[in-house]
Amino acid sequence: MILQSQSQSATLRPITTAHLAQTMTLMSLTALELHQKVEAELASNPALELIEDHFCPSCHRPLPYSGPCPICSRPQGLSTEEPIVFVSSREDFYTSRGKLQPDDLPDDEIGAVVDDLPTYVLRQIAPELHPDDRQIAAHILTSLNEDGLLEIPIIEIARYHHVLPSRILEVLRLIQRAEPVGVGSPSPQEAMLVQLEVLAEHRPIPPLTAQAVQEGLDLLSRHQYLELGRRLGITTAKARQVAQFISDNLNPYPGRAHWGDIHQATEPTQDRYHTPDVIISRLNDTPGSPLVVEVISPLIGKLRINPLFRQSLSQAPSDKMEEWQKHLEQAQLLIKCIQQRDNTIVRLMQRLAVLQRKFILAGDAHLEPITRASLARELEVHESTVSRAVSNKAVQLPRGRIIPLSKFFDRSLHIRTALREIIAQENKPLTDTQLAKMLKKKGHPIARRTVAKYRAMEGILPAHLRTHTRSSAPAPTSIEVR
DNA sequence: CTATGGCACGGATT
DNA sequence: AATCCGTGCCATAG
(Lines give C-alpha, C1' and ligand atoms only; values in the text may rest on other atoms or scores of the structure.)
Protein backbone atom coordinates (compact mmCIF):
# COMPACT_ATOMS: atom_id res chain seq x y z
CA MET A 1 0.00 0.00 0.00
CA ILE A 2 1.43 3.27 -0.95
CA LEU A 3 0.54 6.43 0.80
CA GLN A 4 -2.81 7.74 -0.12
CA SER A 5 -3.70 10.83 1.69
CA GLN A 6 -7.21 10.29 2.82
CA SER A 7 -7.62 7.02 4.56
CA GLN A 8 -7.32 8.88 7.84
CA SER A 9 -10.31 7.20 9.31
CA ALA A 10 -12.53 4.62 7.78
CA THR A 11 -15.74 6.29 8.79
CA LEU A 12 -15.05 9.84 7.79
CA ARG A 13 -13.89 10.79 4.37
CA PRO A 14 -13.01 14.35 3.65
CA ILE A 15 -15.72 15.65 1.42
CA THR A 16 -14.79 19.18 0.69
CA THR A 17 -11.64 21.19 0.61
CA ALA A 18 -13.07 23.14 3.50
CA HIS A 19 -13.22 19.95 5.43
CA LEU A 20 -9.62 19.18 4.69
CA ALA A 21 -8.50 22.63 5.61
CA GLN A 22 -10.40 22.52 8.85
CA THR A 23 -9.11 19.12 9.83
CA MET A 24 -5.62 20.29 9.26
CA THR A 25 -6.03 23.32 11.43
CA LEU A 26 -7.76 21.51 14.23
CA MET A 27 -5.18 18.79 14.28
CA SER A 28 -2.41 21.11 15.24
CA LEU A 29 -4.36 22.82 17.97
CA THR A 30 -3.85 22.17 21.63
CA ALA A 31 -6.80 20.92 23.63
CA LEU A 32 -6.88 24.28 25.29
CA GLU A 33 -6.85 26.20 22.06
CA LEU A 34 -9.51 24.05 20.57
CA HIS A 35 -11.59 24.52 23.67
CA GLN A 36 -11.56 28.24 23.09
CA LYS A 37 -12.41 27.82 19.48
CA VAL A 38 -15.35 25.62 20.29
CA GLU A 39 -16.59 28.07 22.90
CA ALA A 40 -16.48 30.83 20.36
CA GLU A 41 -18.27 28.71 17.81
CA LEU A 42 -20.93 27.75 20.30
CA ALA A 43 -21.55 31.36 21.08
CA SER A 44 -21.92 32.43 17.49
CA ASN A 45 -23.49 29.45 15.81
CA PRO A 46 -27.07 28.61 16.80
CA ALA A 47 -26.95 25.28 15.04
CA LEU A 48 -24.43 23.96 17.49
CA GLU A 49 -25.36 22.58 20.87
CA LEU A 50 -23.44 21.17 23.76
CA ILE A 51 -24.92 18.40 25.85
CA GLU A 52 -23.19 18.50 29.13
CA ASP A 53 -24.38 15.50 31.05
CA HIS A 54 -22.09 12.71 30.15
CA PHE A 55 -20.65 10.90 33.07
CA CYS A 56 -19.48 7.41 33.46
CA PRO A 57 -22.23 5.72 35.49
CA SER A 58 -19.85 4.01 37.84
CA CYS A 59 -16.94 6.34 38.41
CA HIS A 60 -18.55 9.67 37.51
CA ARG A 61 -15.72 10.73 35.36
CA PRO A 62 -16.96 13.33 32.90
CA LEU A 63 -16.72 12.01 29.37
CA PRO A 64 -17.34 13.52 25.99
CA TYR A 65 -19.55 10.58 25.15
CA SER A 66 -22.17 8.58 27.02
CA GLY A 67 -21.64 5.22 28.59
CA PRO A 68 -19.02 3.81 30.87
CA CYS A 69 -15.44 4.90 30.57
CA PRO A 70 -12.94 2.36 29.28
CA ILE A 71 -11.41 1.98 32.70
CA CYS A 72 -14.61 1.00 34.40
CA SER A 73 -15.87 -1.23 31.65
CA ARG A 74 -12.64 -3.06 31.65
CA PRO A 75 -12.54 -6.43 33.42
CA GLN A 76 -10.61 -5.75 36.57
CA GLY A 77 -7.56 -7.58 37.75
CA LEU A 78 -6.21 -8.38 34.36
CA SER A 79 -2.96 -6.82 33.45
CA THR A 80 -1.90 -6.43 29.90
CA GLU A 81 0.73 -4.62 28.03
CA GLU A 82 -2.01 -3.13 25.92
CA PRO A 83 -2.58 0.46 26.83
CA ILE A 84 -6.04 1.78 27.51
CA VAL A 85 -6.54 4.80 25.34
CA PHE A 86 -9.58 7.02 25.36
CA VAL A 87 -10.79 10.56 25.14
CA SER A 88 -11.46 12.12 28.46
CA SER A 89 -13.05 15.32 29.64
CA ARG A 90 -11.20 17.09 32.36
CA GLU A 91 -13.61 19.68 33.50
CA ASP A 92 -11.17 21.19 35.90
CA PHE A 93 -8.86 22.01 33.06
CA TYR A 94 -11.14 24.68 31.84
CA THR A 95 -12.70 26.04 34.96
CA SER A 96 -10.80 27.66 37.74
CA ARG A 97 -11.49 26.30 41.12
CA GLY A 98 -9.88 27.49 44.27
CA LYS A 99 -11.11 26.14 47.50
CA LEU A 100 -8.86 24.54 49.97
CA GLN A 101 -9.73 21.86 52.43
CA PRO A 102 -6.67 21.50 54.62
CA ASP A 103 -8.08 18.48 56.35
CA ASP A 104 -9.84 15.65 54.68
CA LEU A 105 -7.40 15.18 51.91
CA PRO A 106 -8.86 12.59 49.59
CA ASP A 107 -6.51 9.93 48.34
CA ASP A 108 -5.98 10.23 44.68
CA GLU A 109 -7.19 7.34 42.70
CA ILE A 110 -6.63 7.10 39.04
CA GLY A 111 -9.45 8.64 37.17
CA ALA A 112 -10.61 10.83 39.99
CA VAL A 113 -10.59 14.51 39.40
CA VAL A 114 -7.17 15.89 40.15
CA ASP A 115 -6.56 17.81 43.33
CA ASP A 116 -6.81 21.46 43.75
CA LEU A 117 -3.41 22.89 43.32
CA PRO A 118 -3.43 24.31 46.85
CA THR A 119 -4.51 21.01 48.33
CA TYR A 120 -1.97 19.16 46.31
CA VAL A 121 0.89 21.30 47.49
CA LEU A 122 -0.26 21.47 51.07
CA ARG A 123 -0.35 17.73 51.27
CA GLN A 124 3.25 17.53 50.17
CA ILE A 125 4.66 20.03 52.60
CA ALA A 126 2.50 19.05 55.55
CA PRO A 127 5.14 16.81 57.14
CA GLU A 128 7.74 19.54 57.15
CA LEU A 129 5.42 22.32 58.02
CA HIS A 130 5.20 23.62 61.53
CA PRO A 131 1.54 23.43 62.55
CA ASP A 132 1.52 27.11 63.42
CA ASP A 133 2.55 27.93 59.89
CA ARG A 134 -0.31 26.06 58.39
CA GLN A 135 -2.46 29.14 58.25
CA ILE A 136 0.25 31.01 56.48
CA ALA A 137 0.74 28.26 53.94
CA ALA A 138 -2.98 28.12 53.34
CA HIS A 139 -3.05 31.86 52.91
CA ILE A 140 -0.29 31.78 50.34
CA LEU A 141 -1.68 28.84 48.46
CA THR A 142 -5.15 30.26 48.15
CA SER A 143 -3.75 33.53 46.91
CA LEU A 144 -2.03 32.04 43.90
CA ASN A 145 -3.21 33.10 40.52
CA GLU A 146 -4.02 30.68 37.73
CA ASP A 147 -0.40 30.33 36.81
CA GLY A 148 0.63 29.29 40.27
CA LEU A 149 2.34 32.57 40.93
CA LEU A 150 1.94 34.72 44.00
CA GLU A 151 0.69 38.15 43.14
CA ILE A 152 0.19 39.71 46.51
CA PRO A 153 3.22 41.13 48.29
CA ILE A 154 4.79 39.13 51.05
CA ILE A 155 4.71 42.07 53.42
CA GLU A 156 0.98 42.02 53.26
CA ILE A 157 0.77 38.41 54.32
CA ALA A 158 3.22 39.05 57.11
CA ARG A 159 1.16 41.93 58.38
CA TYR A 160 -2.01 39.94 58.26
CA HIS A 161 -0.56 37.18 60.40
CA HIS A 162 1.46 39.50 62.61
CA VAL A 163 4.73 37.80 61.90
CA LEU A 164 8.02 38.80 60.36
CA PRO A 165 8.35 38.59 56.61
CA SER A 166 11.27 36.23 57.06
CA ARG A 167 8.90 33.67 58.52
CA ILE A 168 6.70 33.98 55.49
CA LEU A 169 9.71 33.45 53.31
CA GLU A 170 10.55 30.25 55.11
CA VAL A 171 7.12 28.86 54.43
CA LEU A 172 7.23 30.12 50.90
CA ARG A 173 10.50 28.38 50.30
CA LEU A 174 8.96 25.12 51.35
CA ILE A 175 6.12 25.67 48.94
CA GLN A 176 8.36 26.64 46.08
CA ARG A 177 10.36 23.49 46.36
CA ALA A 178 7.32 21.28 46.38
CA GLU A 179 5.85 19.86 43.21
CA PRO A 180 5.12 21.60 40.87
CA VAL A 181 8.46 23.17 41.58
CA GLY A 182 8.37 26.91 41.64
CA VAL A 183 4.76 27.47 42.73
CA GLY A 184 4.23 30.48 44.85
CA SER A 185 7.04 32.45 43.33
CA PRO A 186 6.23 36.07 42.78
CA SER A 187 7.45 36.03 39.20
CA PRO A 188 8.07 33.58 36.36
CA GLN A 189 11.75 34.35 36.68
CA GLU A 190 11.95 33.33 40.26
CA ALA A 191 9.89 30.23 39.62
CA MET A 192 12.35 29.17 36.97
CA LEU A 193 15.32 29.90 39.16
CA VAL A 194 13.92 27.71 41.89
CA GLN A 195 13.34 24.96 39.37
CA LEU A 196 16.89 25.35 38.22
CA GLU A 197 18.15 25.05 41.74
CA VAL A 198 16.23 21.87 42.35
CA LEU A 199 17.22 20.46 39.00
CA ALA A 200 20.87 21.14 39.69
CA GLU A 201 20.76 18.67 42.52
CA HIS A 202 20.34 15.86 40.05
CA ARG A 203 21.54 16.92 36.66
CA PRO A 204 24.25 19.09 35.28
CA ILE A 205 22.97 22.46 34.17
CA PRO A 206 24.39 24.28 31.17
CA PRO A 207 26.44 27.25 32.28
CA LEU A 208 24.82 30.64 32.26
CA THR A 209 21.35 29.20 32.33
CA ALA A 210 20.46 31.08 35.47
CA GLN A 211 21.74 34.27 33.96
CA ALA A 212 19.75 33.70 30.84
CA VAL A 213 16.64 33.39 32.93
CA GLN A 214 17.39 36.46 34.97
CA GLU A 215 18.53 38.77 32.29
CA GLY A 216 17.23 37.45 29.05
CA LEU A 217 13.76 36.12 29.65
CA ASP A 218 12.27 38.66 27.29
CA LEU A 219 14.61 37.58 24.52
CA LEU A 220 14.07 33.96 25.36
CA SER A 221 10.35 34.10 24.84
CA ARG A 222 10.88 35.83 21.55
CA HIS A 223 13.41 33.29 20.40
CA GLN A 224 15.99 35.96 19.77
CA TYR A 225 18.98 33.81 20.32
CA LEU A 226 21.38 36.05 18.57
CA GLU A 227 20.75 38.93 20.91
CA LEU A 228 20.65 36.56 23.86
CA GLY A 229 24.05 35.26 22.94
CA ARG A 230 25.43 38.75 22.77
CA ARG A 231 24.00 39.70 26.12
CA LEU A 232 25.51 36.67 27.76
CA GLY A 233 28.72 36.86 25.81
CA ILE A 234 28.38 33.47 24.14
CA THR A 235 27.77 32.25 20.63
CA THR A 236 24.34 32.03 19.14
CA ALA A 237 24.55 28.27 19.00
CA LYS A 238 25.25 28.12 22.69
CA ALA A 239 22.50 30.53 23.42
CA ARG A 240 20.25 28.23 21.47
CA GLN A 241 21.29 25.30 23.61
CA VAL A 242 20.60 27.21 26.78
CA ALA A 243 17.23 28.23 25.44
CA GLN A 244 16.48 24.67 24.49
CA PHE A 245 17.37 23.49 27.94
CA ILE A 246 15.19 26.12 29.50
CA SER A 247 12.17 25.41 27.42
CA ASP A 248 12.59 21.69 27.97
CA ASN A 249 13.08 21.76 31.68
CA LEU A 250 11.70 24.93 33.13
CA ASN A 251 8.17 26.13 33.42
CA PRO A 252 7.50 29.79 33.93
CA TYR A 253 3.95 29.05 35.04
CA PRO A 254 4.19 26.23 37.53
CA GLY A 255 0.47 26.27 38.18
CA ARG A 256 -0.44 25.25 34.69
CA ALA A 257 1.38 22.01 34.87
CA HIS A 258 -1.21 20.56 37.13
CA TRP A 259 -4.46 22.12 36.38
CA GLY A 260 -4.00 24.28 33.40
CA ASP A 261 -5.96 27.32 32.58
CA ILE A 262 -7.40 29.19 29.69
CA HIS A 263 -4.75 31.74 29.31
CA GLN A 264 -5.51 33.85 26.31
CA ALA A 265 -2.93 33.72 23.62
CA THR A 266 -1.79 37.18 24.52
CA GLU A 267 1.77 35.99 24.38
CA PRO A 268 1.90 34.64 20.84
CA THR A 269 5.38 33.24 20.73
CA GLN A 270 5.47 32.06 24.31
CA ASP A 271 6.27 28.40 24.61
CA ARG A 272 3.21 26.85 25.96
CA TYR A 273 3.44 23.16 26.14
CA HIS A 274 2.69 23.31 29.77
CA THR A 275 -0.87 22.18 29.89
CA PRO A 276 -0.98 18.56 28.90
CA ASP A 277 -3.07 17.42 25.98
CA VAL A 278 -2.56 13.84 26.93
CA ILE A 279 -2.16 12.35 30.36
CA ILE A 280 -0.54 9.00 30.74
CA SER A 281 -0.86 7.18 34.01
CA ARG A 282 -0.78 3.62 35.19
CA LEU A 283 -3.84 1.64 36.03
CA ASN A 284 -2.25 0.34 39.20
CA ASP A 285 1.16 -0.19 40.65
CA THR A 286 1.75 -3.75 39.63
CA PRO A 287 4.66 -4.19 37.25
CA GLY A 288 2.70 -5.30 34.22
CA SER A 289 0.05 -2.69 34.71
CA PRO A 290 -1.37 -1.27 31.52
CA LEU A 291 -0.89 2.36 30.71
CA VAL A 292 -3.91 4.58 30.85
CA VAL A 293 -3.78 7.18 28.17
CA GLU A 294 -6.24 10.01 28.42
CA VAL A 295 -6.54 12.23 25.44
CA ILE A 296 -7.91 15.43 26.87
CA SER A 297 -11.05 16.43 25.12
CA PRO A 298 -11.61 20.05 24.30
CA LEU A 299 -15.24 19.54 25.26
CA ILE A 300 -16.85 18.99 28.57
CA GLY A 301 -19.93 17.39 27.10
CA LYS A 302 -20.90 16.19 23.71
CA LEU A 303 -21.26 18.42 20.73
CA ARG A 304 -24.20 17.96 18.41
CA ILE A 305 -26.54 19.72 16.04
CA ASN A 306 -29.33 21.44 17.87
CA PRO A 307 -32.45 19.49 16.87
CA LEU A 308 -34.65 22.53 17.31
CA PHE A 309 -32.53 24.46 14.91
CA ARG A 310 -32.77 21.72 12.39
CA GLN A 311 -36.55 21.64 12.69
CA SER A 312 -36.98 25.34 12.31
CA LEU A 313 -34.73 25.36 9.31
CA SER A 314 -37.55 24.29 7.04
CA GLN A 315 -39.63 27.24 8.15
CA ALA A 316 -36.86 29.71 7.94
CA PRO A 317 -37.68 33.12 6.58
CA SER A 318 -36.47 33.18 3.05
CA ASP A 319 -34.01 35.95 3.60
CA LYS A 320 -32.32 34.04 6.42
CA MET A 321 -32.42 30.72 4.67
CA GLU A 322 -28.99 30.87 3.22
CA GLU A 323 -27.38 32.07 6.39
CA TRP A 324 -28.99 29.33 8.44
CA GLN A 325 -27.96 26.71 5.98
CA LYS A 326 -24.46 27.92 6.30
CA HIS A 327 -24.57 27.69 10.06
CA LEU A 328 -25.74 24.14 9.82
CA GLU A 329 -22.99 23.14 7.46
CA GLN A 330 -20.34 24.82 9.52
CA ALA A 331 -21.60 23.07 12.64
CA GLN A 332 -21.63 19.68 10.99
CA LEU A 333 -18.18 20.28 9.70
CA LEU A 334 -16.84 21.22 13.08
CA ILE A 335 -18.34 18.16 14.72
CA LYS A 336 -16.92 15.83 12.14
CA CYS A 337 -13.54 17.41 12.27
CA ILE A 338 -13.35 17.18 16.00
CA GLN A 339 -14.34 13.55 15.84
CA GLN A 340 -11.69 12.92 13.31
CA ARG A 341 -9.14 14.78 15.34
CA ASP A 342 -9.94 12.74 18.42
CA ASN A 343 -9.90 9.59 16.42
CA THR A 344 -6.51 10.25 14.92
CA ILE A 345 -4.94 11.31 18.16
CA VAL A 346 -6.31 8.28 19.95
CA ARG A 347 -4.89 5.95 17.34
CA LEU A 348 -1.64 7.80 17.40
CA MET A 349 -1.32 7.59 21.16
CA GLN A 350 -2.37 3.97 21.14
CA ARG A 351 0.51 3.12 18.91
CA LEU A 352 2.92 5.43 20.67
CA ALA A 353 2.08 4.01 24.04
CA VAL A 354 2.95 0.57 22.76
CA LEU A 355 6.15 1.61 21.05
CA GLN A 356 7.41 3.84 23.82
CA ARG A 357 6.13 1.95 26.82
CA LYS A 358 9.57 1.53 28.23
CA PHE A 359 10.37 5.15 27.75
CA ILE A 360 7.20 6.24 29.46
CA LEU A 361 7.80 4.02 32.44
CA ALA A 362 11.54 3.85 32.74
CA GLY A 363 12.79 7.11 31.38
CA ASP A 364 14.88 8.74 28.75
CA ALA A 365 17.34 5.93 28.24
CA HIS A 366 14.66 3.71 26.77
CA LEU A 367 13.34 6.03 24.15
CA GLU A 368 12.94 4.23 20.89
CA PRO A 369 14.11 6.42 18.04
CA ILE A 370 11.14 6.45 15.73
CA THR A 371 10.22 8.95 13.09
CA ARG A 372 6.93 10.60 12.41
CA ALA A 373 7.08 9.21 8.92
CA SER A 374 7.30 5.61 10.06
CA LEU A 375 4.38 6.08 12.38
CA ALA A 376 2.40 7.67 9.60
CA ARG A 377 2.94 4.58 7.51
CA GLU A 378 1.74 2.30 10.25
CA LEU A 379 -1.37 4.30 10.89
CA GLU A 380 -1.96 4.85 7.21
CA VAL A 381 -2.25 8.56 7.51
CA HIS A 382 -0.29 11.25 5.81
CA GLU A 383 3.00 12.29 7.30
CA SER A 384 1.88 15.83 7.75
CA THR A 385 -1.08 14.62 9.75
CA VAL A 386 1.24 13.08 12.27
CA SER A 387 3.37 16.16 12.28
CA ARG A 388 0.43 18.35 13.04
CA ALA A 389 -0.90 16.04 15.67
CA VAL A 390 2.43 15.99 17.41
CA SER A 391 3.45 19.60 17.25
CA ASN A 392 2.65 21.95 20.07
CA LYS A 393 1.20 19.27 22.27
CA ALA A 394 2.30 18.19 25.69
CA VAL A 395 2.09 14.88 27.46
CA GLN A 396 2.05 14.26 31.14
CA LEU A 397 3.91 11.13 32.12
CA PRO A 398 3.02 8.84 35.01
CA ARG A 399 5.62 10.44 37.25
CA GLY A 400 4.11 13.83 36.60
CA ARG A 401 6.68 15.16 34.21
CA ILE A 402 5.24 17.17 31.39
CA ILE A 403 7.10 16.95 28.13
CA PRO A 404 6.39 17.99 24.59
CA LEU A 405 4.92 15.18 22.56
CA SER A 406 7.67 15.70 20.04
CA LYS A 407 10.10 14.21 22.52
CA PHE A 408 8.63 10.84 21.64
CA PHE A 409 10.33 11.29 18.30
CA ASP A 410 13.70 12.47 19.53
CA ARG A 411 16.29 10.72 17.49
CA SER A 412 19.19 11.06 19.84
CA LEU A 413 17.81 11.22 23.34
CA HIS A 414 18.66 7.65 24.21
CA ILE A 415 22.22 8.12 23.07
CA ARG A 416 22.53 11.33 24.99
CA THR A 417 21.28 9.54 28.05
CA ALA A 418 23.80 6.79 27.57
CA LEU A 419 26.43 9.46 27.25
CA ARG A 420 25.34 11.10 30.44
CA GLU A 421 25.53 7.79 32.22
CA ILE A 422 29.00 7.06 31.01
CA ILE A 423 30.21 10.42 32.13
CA ALA A 424 28.47 10.09 35.47
CA GLN A 425 30.36 6.86 36.07
CA GLU A 426 33.73 7.83 34.71
CA ASN A 427 36.61 8.13 37.09
CA LYS A 428 38.74 10.52 35.23
CA PRO A 429 37.39 12.81 32.53
CA LEU A 430 37.15 11.04 29.20
CA THR A 431 37.83 12.88 26.00
CA ASP A 432 35.26 13.01 23.26
CA THR A 433 37.17 10.47 21.22
CA GLN A 434 37.18 8.03 24.12
CA LEU A 435 33.53 8.68 24.73
CA ALA A 436 32.80 7.94 21.12
CA LYS A 437 34.51 4.58 21.51
CA MET A 438 32.58 3.76 24.65
CA LEU A 439 29.34 4.58 22.92
CA LYS A 440 30.25 2.46 19.95
CA LYS A 441 30.74 -0.49 22.28
CA LYS A 442 27.30 0.10 23.67
CA GLY A 443 25.89 0.01 20.19
CA HIS A 444 25.76 3.69 19.40
CA PRO A 445 28.21 4.32 16.62
CA ILE A 446 28.46 8.06 16.31
CA ALA A 447 31.24 10.37 15.24
CA ARG A 448 33.50 12.10 17.65
CA ARG A 449 32.17 15.44 16.55
CA THR A 450 28.69 14.34 17.37
CA VAL A 451 29.71 13.33 20.86
CA ALA A 452 30.80 16.90 21.38
CA LYS A 453 27.44 18.15 20.20
CA TYR A 454 25.51 15.84 22.48
CA ARG A 455 27.72 16.75 25.35
CA ALA A 456 26.97 20.38 24.76
CA MET A 457 23.27 19.66 24.53
CA GLU A 458 23.39 18.03 27.90
CA GLY A 459 25.31 20.93 29.28
CA ILE A 460 28.33 18.83 30.13
CA LEU A 461 31.67 20.55 30.12
CA PRO A 462 34.57 19.32 27.98
CA ALA A 463 36.98 16.85 29.51
CA HIS A 464 39.68 19.23 30.60
CA LEU A 465 37.19 21.32 32.55
CA ARG A 466 35.59 18.39 34.27
CA THR A 467 37.44 18.14 37.55
CA HIS A 468 35.56 15.08 38.50
CA THR A 469 34.86 15.29 42.20
CA ARG A 470 32.72 12.19 42.16
CA SER A 471 29.03 12.97 41.74
CA SER A 472 28.96 16.22 43.65
CA ALA A 473 29.13 19.95 43.13
CA PRO A 474 27.28 20.23 39.86
CA ALA A 475 29.07 23.16 38.33
CA PRO A 476 28.77 26.02 40.77
CA THR A 477 29.34 28.31 37.84
CA SER A 478 25.86 27.66 36.63
CA ILE A 479 24.04 29.08 39.60
CA GLU A 480 26.38 31.97 39.98
CA VAL A 481 24.76 35.33 39.60
CA ARG A 482 26.59 37.90 37.55
C1' DC B 1 50.36 17.56 19.09
C1' DT B 2 45.68 16.75 21.00
C1' DA B 3 41.07 18.08 22.25
C1' DT B 4 37.31 21.12 21.08
C1' DG B 5 34.40 24.40 19.05
C1' DG B 6 32.83 26.83 14.62
C1' DC B 7 31.17 26.58 10.13
C1' DA B 8 29.19 24.60 6.38
C1' DC B 9 27.53 20.80 3.54
C1' DG B 10 24.39 16.98 2.29
C1' DG B 11 21.09 13.89 3.42
C1' DA B 12 17.14 12.87 6.25
C1' DT B 13 12.97 14.57 8.37
C1' DT B 14 9.07 17.41 8.81
C1' DA C 1 10.24 23.65 0.37
C1' DA C 2 12.08 24.49 4.85
C1' DT C 3 14.40 22.69 8.70
C1' DC C 4 17.04 19.66 11.43
C1' DC C 5 20.95 16.72 12.31
C1' DG C 6 25.26 14.20 11.87
C1' DT C 7 29.74 14.85 10.07
C1' DG C 8 34.03 16.39 8.11
C1' DC C 9 37.40 19.94 7.86
C1' DC C 10 39.87 23.60 9.79
C1' DA C 11 41.25 27.04 13.26
C1' DT C 12 42.40 27.74 17.84
C1' DA C 13 43.36 26.86 22.65
C1' DG C 14 45.80 24.22 25.87
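For DNA chain C, the span of nucleotides reached by chain A at under 4.0 Å from its heavy atoms goes, 5' to 3', from dC5(C) to dC9(C).
In this view, Asp342(A) satisfies the salt bridge (Lys or Arg N to Asp or Glu O under 4.0 Å) rule with no residue, not counting sequence neighbours. Under the salt bridge (Lys or Arg N to Asp or Glu O under 4.0 Å) criterion, Glu378(A) pairs with Arg351(A), not counting sequence neighbours. In this structure Arg388(A) satisfies the side chain to side chain contact (heavy atoms under 4.5 Å, CB included) test together with Met24(A), Met27(A), Ser28(A), sequence neighbours excluded. Every residue was checked against the salt bridge (Lys or Arg N to Asp or Glu O under 4.0 Å) condition with Glu190(A), not counting sequence neighbours, and none meets it. Not counting sequence neighbours, the partners of Phe408(A) by the ring-ring contact (aromatic ring centres under 6.0 Å, His included) test are Phe359(A). Among residues two or more places apart in sequence or in another chain, the side chain to side chain donor-acceptor pair (under 3.5 Å) test is passed with Gln350(A) by Glu82(A). Qualifying side chain to side chain contact (heavy atoms under 4.5 Å, CB included) partners for Thr25(A), counting only residues two or more places apart in sequence or in other chains: none.
Counting non-hydrogen atoms under 4.0 angstrom, Arg455(A) reaches the backbone sugars and phosphates but no base. Backbone-only contact: Ser412(A) has heavy atoms under 4.0 Å from sugar-phosphate atoms and none from a base.
Screening residues 440-463 of chain A for side-chain hydrogen bond (donor to acceptor under 3.5 Å, both in side chains) gives Arg416(A)-Glu458(A), Arg420(A)-Glu458(A), Asp432(A)-Arg455(A) as the qualifying pairs, with residues at least two apart or on separate chains.
Closest non-hydrogen pair, Ser44(A) versus His327(A), comes out as O-NE2, 3.9 Å.
The pair Glu197(A)-Arg177(A) counts as a salt bridge, with a side-chain nitrogen and a carboxylate oxygen less than 4.0 angstrom apart.
Rounded to a whole Å, the CG atom of Leu435(A) is 8 Å from the P atom of dT4(B).
A side-chain donor-acceptor contact under 3.5 Å links Ser89(A) to the backbone of Leu299(A).
Counting heavy atoms from C-beta on, the side chains of Ser412(A) and Asp410(A) come closer than 4.5 Å.
We find the CG-CG distance between Asp364(A) and Leu413(A) to be 4.5 Å, quoted to the nearest 0.5 Å.
Taken residue by residue, residues 436-445 of chain A places no heavy atom nearer than 4.0 Å to DNA chain B.
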Could you list, one pair per line, each protein nitrogen or oxygen that sits under 3.5 Å from a nitrogen or oxygen of nucleotides 11-14 of chain B, together with the distance?
unit_1  : atom_1 : unit_2    : atom_2 : d
dT14(B) : OP1    : Arg372(A) : NH1    : 2.9
dT14(B) : OP2    : Arg372(A) : N      : 3.3

Between the protein and nucleotides 6-10 of chain B, which nitrogen or oxygen pairs are less than 3.5 angstrom apart?
unit_1 : atom_1 : unit_2    : atom_2 : d
dG6(B) : N7     : Arg449(A) : NH2    : 2.7
dG6(B) : O6     : Arg449(A) : NE     : 2.6

